[in-house]
Structures are given as structure tokens and as C-alpha cells.
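Below, each value reflects all heavy atoms present in this structure, side chains not excepted, and no hydrogens, waters or symmetry copies.
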Amino acid sequence: MTTDIRHAEVEILPDNDAVAEKMAEILIEAIRRKLTSGAPVARIALSGGSTPKRLFEILARPDMAGRIDWKRVELFYGDERHVPAGHADSNHTMALQTLLSHVPIPPGQVHPVPTAGTPAQDAALYQQALQKAYGSDVLQKGKPLFDVVMLGLGPDGHTASLFPDQPVLGEKNLWVSTAAPTHVPHERVTLTYPALASSDLVVFLITGKGKVPMLKRLREGDPSIPAAHVTSDGRILILADRAAAGETP
């Protein structure tokens, strides 16, 4: 059964740190549950942003990192700015600096978005990497591509790099595509709605008082914002802090 945003679970937490701590516990439990089921690996799609940065710092702590069997985790990204490797604006650079260089995950199980070619070429390469990890070129119900997908929410209602008025919003077949919104720096490579939907759990991390109006629209399922069209074959959870929920002055 497909879950849409109107049926998302919502949890309001005190602040950004509390959201990051909760997400860390969710990830640890999801990985533990997947691996104890007999699966060889757990696949996670990471996101960029300030709350994920805090999450990565928490997961890098020895007391938290020791609770994860990193040798059986595969990491991907929900989207990436099409910038050279090591660029300060890269989601992978941030994850590398705050988490990946501090935990014993095999390098071959971290899958940064390639950025050496054109955005379209690199999107195709990333789709091939996902298909290899998944073991099929076709997404199948009951076999999620991702155990957990982390997403944010932009002030214009975008999530991953699914921006308003971009052709990628209508993509029904590709798992990975491109976006070139003119109001933000850098072209993007992004997972598509079908890839996000092939998930056991989607978690939106939403913090800060600037997100109040957009979070309200998301929870209402406003069809004019891209984030409201995200679905999951499993669950959708919104983790928001009190500021984003409009519960603080």
C-alpha cells in the first residue's frame, strides 16, 4: 500500500538537535531491523542541509557509531549539486567531513553522485549504480530500493532537487534525473519520485521558523509544492522542531 504525504506520521521535537538525535535513533533501529532480518545490507539515501550535518556529527560519536554494523550499510544521496569532487557545496563533501571519515564504512559502499560528465550523463551513471545495488533494472513492489530516505523541505516547497516547474517532476520511469532551476546555484542530479517511493521509510527533517508556512502546506498535501507529491511504499514520517511547527514565539 502506497503512503502519501496526507497520511504521514508527524512528530514535533523541541529543537534542531532533538530532531537530529531522533533521526539518529531511527537510522540505527532501521539498520538493525534490516540486518537482523537476514538481509546482507541496509541501503540509506542521505540528504544535505544543516539538520543532516548535525545528524552526521551525532552518528560519528564513538558511542553512536559503535551501534551500527557499517560493513553492512550502503549509502547513497537523494540529490547532489553538480560540482567537482571536494567542492564546499557538495552534499558528499559535507558527509565525508562530518561522518564518513570517522566511521569504518568500506569506501565501496559509499556511492557519491558522479559529477565529472554532464549532468545527464552523471544521472545515468548514478541510476546504473542504484540498479546494480538493487539487483534489477525495474523497481518492484515489496522490494524497496531504500530502507530509509532522508529528505528536507525548501522554502519553495522543493525536496531533494525536485524544484517547482522542473521537467523532472513529471518523470515516471527514470530513477535519477537532472534539474536546472535558475534561482539556485549549480545544476542538480536528483532521485525521482519513483525512486523515492521505493522505500520502507521516508523521513522529512524540517527545522526553523522559516519553514512554518511551507510545513503547513506540506501537511495539508498542497499539490502546488513538489514535496507534497512524495510517496512511499512504506511509511512517511515528518520530524519537525517546534519552531518549524509554529509552536515558539
Using a 4.5 Å cut-off on heavy atoms from C-beta on, say whether the side chain of [Y] contacts that of [X].
X    : Y    : result
F76  : L130 : yes
E80  : H92  : yes
L151 : V203 : no
I225 : M214 : yes
I26  : L239 : yes
I236 : L201 : no

Report summary line: Only residue of V202, D200, T2 satisfying side chain to side chain contact (heavy atoms under 4.5 Å, CB included) with S232 is V202

Inter-residue atom distance [X].[atom1] - [Y].[atom2], 0.5 Å rounding:
X    : Y    : atom1 : atom2 : value
K211 : L218 : NZ    : CG    : 11.0 Å
E187 : T178 : CD    : OG1   : 7.0 Å
S50  : L55  : OG    : CG    : 11.5 Å
D17  : T51  : CG    : OG1   : 9.0 Å
L162 : L191 : CG    : CG    : 8.0 Å
L196 : L145 : CG    : CG    : 9.0 Å

Requested in this report: For the residue pair H183 and F163, categorise the inter-ring angle as parallel (less than 30°), tilted (30 to 60°) or perpendicular (more than 60°).
Outcome: perpendicular

[X] [atom1]: over 12 foreign heavy atoms closer than 6.0 Å:
X    : atom1 : value
R61  : CZ    : yes
R219 : CZ    : no
K216 : NZ    : no
H7   : NE2   : no

Are [X] and [Y] linked by a side-chain donor-acceptor pair shorter than 3.5 Å?
X    : Y    : value
D122 : T115 : no
H111 : E74  : yes
Y193 : H229 : no
R81  : N91  : yes

Contact summary for [X] and [Y], nearest pair of heavy atoms:
X    : Y    : value
Q109 : V73  : NE2-O, 2.8 Å
G157 : P226 : O-CD, 3.3 Å
G78  : A160 : O-CB, 3.9 Å
T3   : R235 : OG1-CA, 4.4 Å
S161 : D79  : OG-OD2, 2.6 Å
A60  : T98  : CB-O, 3.4 Å

Any Lys/Arg nitrogen of [X] or [Y] sitting under 4.0 Å from an Asp/Glu carboxylate oxygen of the other?
X    : Y    : value
K34  : D147 : yes
D69  : K71  : no
R217 : E220 : no

Report task. In sequence, state the C-alpha distance, the side-chain angles, and the governing distance for E25 and K22, and then conclude on salt bridge (Lys or Arg N to Asp or Glu O under 4.0 Å). Result -> CA-CA 5 Å; E25 293 294 341; K22 180 67 176 184; over 6 Å; no

Requested in this report: Tell me whether Y77 is reachable from L125 by hopping between hydrophobic residues (I, L, V, M, F, W, Y) whose side-chain heavy atoms are closer than 4.5 Å.
Outcome: no

**Report entry** With sequence neighbours excluded, residues passing ring pair (Phe, Tyr, Trp, His ring centres under 6.0 Å) with Y134
**Finding:** W175

Query raised in the report: Excluding sequence neighbours, so at least two apart, what forms ring pair (Phe, Tyr, Trp, His ring centres under 6.0 Å) with H102?
Result: none

Show me, pair by pair, the donor-acceptor contacts under 3.5 angstrom made by side chains of residues 164-173, not counting sequence neighbours?
residue : atom : partner : partner atom : Å
Q166    : OE1  : A180    : N            : 2.8
E171    : OE2  : N173    : N            : 2.9
E171    : OE2  : L174    : N            : 2.8

Requested in this report: Could you walk me through whether D233 and K141 pass salt bridge (Lys or Arg N to Asp or Glu O under 4.0 Å), step by step?
Outcome: CA-CA 7 Å; D233 291 343; K141 288 285 187 182; 2.9 Å; yes

